[in-house]
Amino acid sequence: MIITSRKPYTAGEIEKLKEEFEVYVKTVIDLKRKVCSAGANRHFESEEILLGEGSQQSDLWGGGIDLAAGTVNFDSMINIRPQENNRSNEIQDPAKRAAFEELTKFFFQEALNEPRN
């Protein structure tokens with residue numbers, strides 16, 4: 001199940017997002033608009049949703065979260081963008097990577113037990 005949100009996911013929503021891979025949730029985050037689309041089988045599915053809602057391609061980055069380990073992953077085929085100097089499926093720009101991690105922790109704070117304002 002794919003759920004797109006501007007606010008942290010609830011415990012119930014996180015349970016639904018886990019349906020695809022049990023402990024891992026794929027995410028695509030619009031770093032500018034601070035919107036997360038999560039729970040897809042493939043990142044491009046969430047990417048299409050966000051593009052349809054007005055996101056710009058350059059603001060969308062993919063990865064995921066391992067809920068069992070509490071770690072953020074920065075790996076997605078949608079991240080390969082030679083024209084933006086990102087030649088890997090990993091988010092290479094340190095600022096974008098840090099923003100992606102911070103937003104992932106914000107959206108999944110319920111699962112990480114990290115309350116944020």
Side-chain angles (χ1 to χ4, degrees):
M1 166 175 278
I2 299 172
I3 302 173
T4 302
S5 182
R6 290 181 175 272
K7 54 189 179 172
Y9 292 111
T10 65
E13 288 172 328
I14 291 170
E15 284 303 310
K16 291 176 183 174
L17 294 172
K18 290 170 39 178
E19 289 175 358
E20 193 68 42
F21 298 108
E22 293 185 33
V23 298
Y24 186 78
V25 178
K26 289 185 178 184
T27 62
V28 176
I29 299 176
D30 182 326
L31 300 182
K32 185 176 182 181
R33 294 175 55 227
K34 297 183 171 118
V35 179
C36 180
S37 185
N41 180 277
R42 297 181 189 254
H43 287 102
F44 77 85
E45 296 167 314
S46 287
E47 178 186 43
E48 286 177 345
I49 290 168
L50 291 173
L51 288 170
E53 292 180 355
S55 292
Q56 298 299 308
Q57 181 69 52
S58 60
D59 297 325
L60 299 181
W61 295 90
I65 184 165
D66 182 324
L67 297 169
T71 56
V72 177
N73 177 281
F74 308 92
D75 182 19
S76 171
M77 295 299 287
I78 71 165
N79 296 337
I80 300 173
R81 300 183 199 162
Q83 72 280 10
E84 293 181 44
N85 208 24
N86 204 88
R87 300 184 185 283
S88 169
N89 50 337
E90 291 277 330
I91 301 171
Q92 295 178 315
D93 179 275
K96 288 177 182 164
R97 192 175 174 101
F100 185 89
E101 182 172 24
E102 182 180 332
L103 285 167
T104 299
K105 289 179 178 181
F106 168 77
F107 287 112
F108 288 90
Q109 63 186 263
E110 180 69 32
L112 298 173
N113 295 319
E114 293 186 16
R116 297 179 187 266
N117 297 332

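Since the structure is predicted, the reported quantities are computational estimates derived from the model, not experimental observations.
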Visitor: Is it true that Ile91 and Phe106 fall in one hydrophobic cluster, defined by side-chain heavy atoms closer than 4.5 Å?
Guide: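 As far as the 4.5 Å side-chain criterion goes, Phe106 and Ile91 are connected within one cluster.
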Visitor: Transitively linked via ILVMFWY side-chain contacts under 4.5 Å: Leu103 with Val25?
Guide: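 Yes, one cluster joins them.
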Visitor: Mind jotting down which residue pairs meet the side chain to side chain donor-acceptor pair (under 3.5 Å) criterion with at least one end in residues 58-71? Sequence neighbours excluded, please.
Guide: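 Checked against side chain to side chain donor-acceptor pair (under 3.5 Å) - neighbours excluded - no pair reaches residues 58-71.
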Visitor: List the residues meeting side chain to side chain contact (heavy atoms under 4.5 Å, CB included) with Pro94, not counting sequence neighbours, and say none if there are none.
Guide: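 By the side chain to side chain contact (heavy atoms under 4.5 Å, CB included) rule, Pro94 matches no residue at all.
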Visitor: Could you tell me the separation between the CD atom of Glu84 and the NZ atom of Lys96, rounded to the nearest 0.5 Å?
Guide: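 Glu84 CD to Lys96 NZ: 5.5 Å, rounded to 0.5 Å.
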Visitor: Test your reading of the model: is there a side-chain donor-acceptor pair from Glu110 to the backbone of Pro8, 3.5 Å cut-off?
Guide: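 No, because the side chain of Glu110 does not come within donor-acceptor range (under 3.5 Å) of the backbone of Pro8.
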Visitor: Could you note down all residue pairs passing ring-ring contact (aromatic ring centres under 6.0 Å, His included) where residues 20-57 supplies at least one of them, sequence neighbours left out?
Guide: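 Qualifying pairs, neighbours excluded: none.
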Visitor: Rounded to the nearest 0.5 Å, how far apart are CG of Leu60 and OG of Ser76?
Guide: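 Going from CG on Leu60 over to OG on Ser76, the span is 10.5 Å.
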Visitor: Between CG of Asn86 and CD1 of Ile78, what distance do you get to the nearest 0.5 Å?
Guide: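 Answer for the CG-CD1 pair, Asn86 versus Ile78, is 10.5 Å.
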Visitor: CG of Leu31 to CD of Gln56: how many Å apart, nearest 0.5 Å?
Guide: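 Separation between the atoms: 13.0 Å.
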Visitor: Begin with the C-alpha distance, continue with both residues' side-chain angles, and end with the deciding distance and a verdict on salt bridge (charged side-chain N to carboxylate O under 4.0 Å, His left out) for Lys105 and Glu102.
Guide: CA-CA 5 Å; Lys105 289 179 178 181; Glu102 182 180 332; over 6 Å; no
Visitor: Can you list everything that forms a side chain to side chain donor-acceptor pair (under 3.5 Å) with Asn89? Sequence neighbours excluded, please.
Guide: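 With neighbours one apart ignored, the set is Asp75.
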Visitor: Under the side chain to side chain donor-acceptor pair (under 3.5 Å) test, which residues partner Asn79, sequence neighbours left out?
Guide: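 Here no residue qualifies.
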Visitor: Which value, rounded to the nearest 0.5 Å, describes the distance between Phe108 atom CZ and Thr27 atom OG1?
Guide: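 Those atoms lie 6.0 Å apart.
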Visitor: Do you know the tightest heavy-atom contact between Arg87 and Pro82?
Guide: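 Looks like NH1-CB, 3.2 Å.
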Visitor: Identify the two heavy atoms, one from Phe107 and one from Ser5, that lie closest to each other, and give their separation to 0.1 Å.
Guide: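 Heavy atoms of Phe107 and Ser5 come nearest at CE2-O, 3.4 Å.
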Visitor: Could you tell me which residues satisfy side chain to side chain donor-acceptor pair (under 3.5 Å) with Asn41, sequence neighbours excluded, listed by chain and number?
Guide: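 Asn41 satisfies side chain to side chain donor-acceptor pair (under 3.5 Å) with Glu20 once adjacent residues are dropped.
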Visitor: Listed by chain and number, what are the side chain to side chain donor-acceptor pair (under 3.5 Å) partners of Arg97, not counting sequence neighbours?
Guide: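 Partners of Arg97 by the side chain to side chain donor-acceptor pair (under 3.5 Å) criterion, ordered by chain and then number, come out as Glu90.
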Visitor: Do Leu67 and Val72 share a hydrophobic cluster, counting only Ile, Leu, Val, Met, Phe, Trp and Tyr and linking them when any side-chain heavy atoms are less than 4.5 Å apart?
Guide: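 Same cluster.
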Visitor: If you define the side chain from C-beta out and look only at heavy atoms, does anything of Ser46 sit under 4.5 Å from Thr4?
Guide: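 They are not in contact (no side-chain heavy atoms under 4.5 Å apart), so the answer is no.
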Visitor: Examine Phe100 and Leu112 and state if one hydrophobic cluster contains both, with Ile, Leu, Val, Met, Phe, Trp and Tyr joined whenever side-chain heavy atoms are less than 4.5 Å apart.
Guide: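 Phe100 clusters together with Leu112.
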Visitor: List the residues meeting side chain to side chain contact (heavy atoms under 4.5 Å, CB included) with Lys16, not counting sequence neighbours, and say none if there are none.
Guide: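 Per chain and number, Lys16 pairs via side chain to side chain contact (heavy atoms under 4.5 Å, CB included) with Met1, Ile3, Glu19.
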Visitor: Using the salt bridge (Lys or Arg N to Asp or Glu O under 4.0 Å) rule, collect all pairs that involve residues 32-53, keeping only residues at least two apart or in two chains.
Guide: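 Every pair satisfying salt bridge (Lys or Arg N to Asp or Glu O under 4.0 Å) with a residue in residues 32-53: Asp30-Arg33.
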Visitor: Output, in order, the C-alpha distance, side-chain angles, deciding distance and verdict of side-chain contact (heavy atoms from CB on, under 4.5 Å) for Phe74 and Glu101.
Guide: CA-CA 8 Å; Phe74 308 92; Glu101 182 172 24; 3.9 Å; yes
Visitor: Which heavy atom in Ile2 sits nearest to a heavy atom in Ser37, and how many Å separate them?
Guide: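 Between these two residues, the closest heavy atoms are CG2-OG, 3.4 Å.
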Visitor: Working to the nearest 0.5 Å, report the span between SG of Cys36 and NZ of Lys7.
Guide: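 With rounding to 0.5 Å, SG (Cys36) is 14.0 Å from NZ (Lys7).
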Visitor: Hey, any chance Leu51 and Val35 share a hydrophobic cluster, counting ILVMFWY side chains that come within less than 4.5 Å of each other, even indirectly?
Guide: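 Result: yes, single cluster for both.
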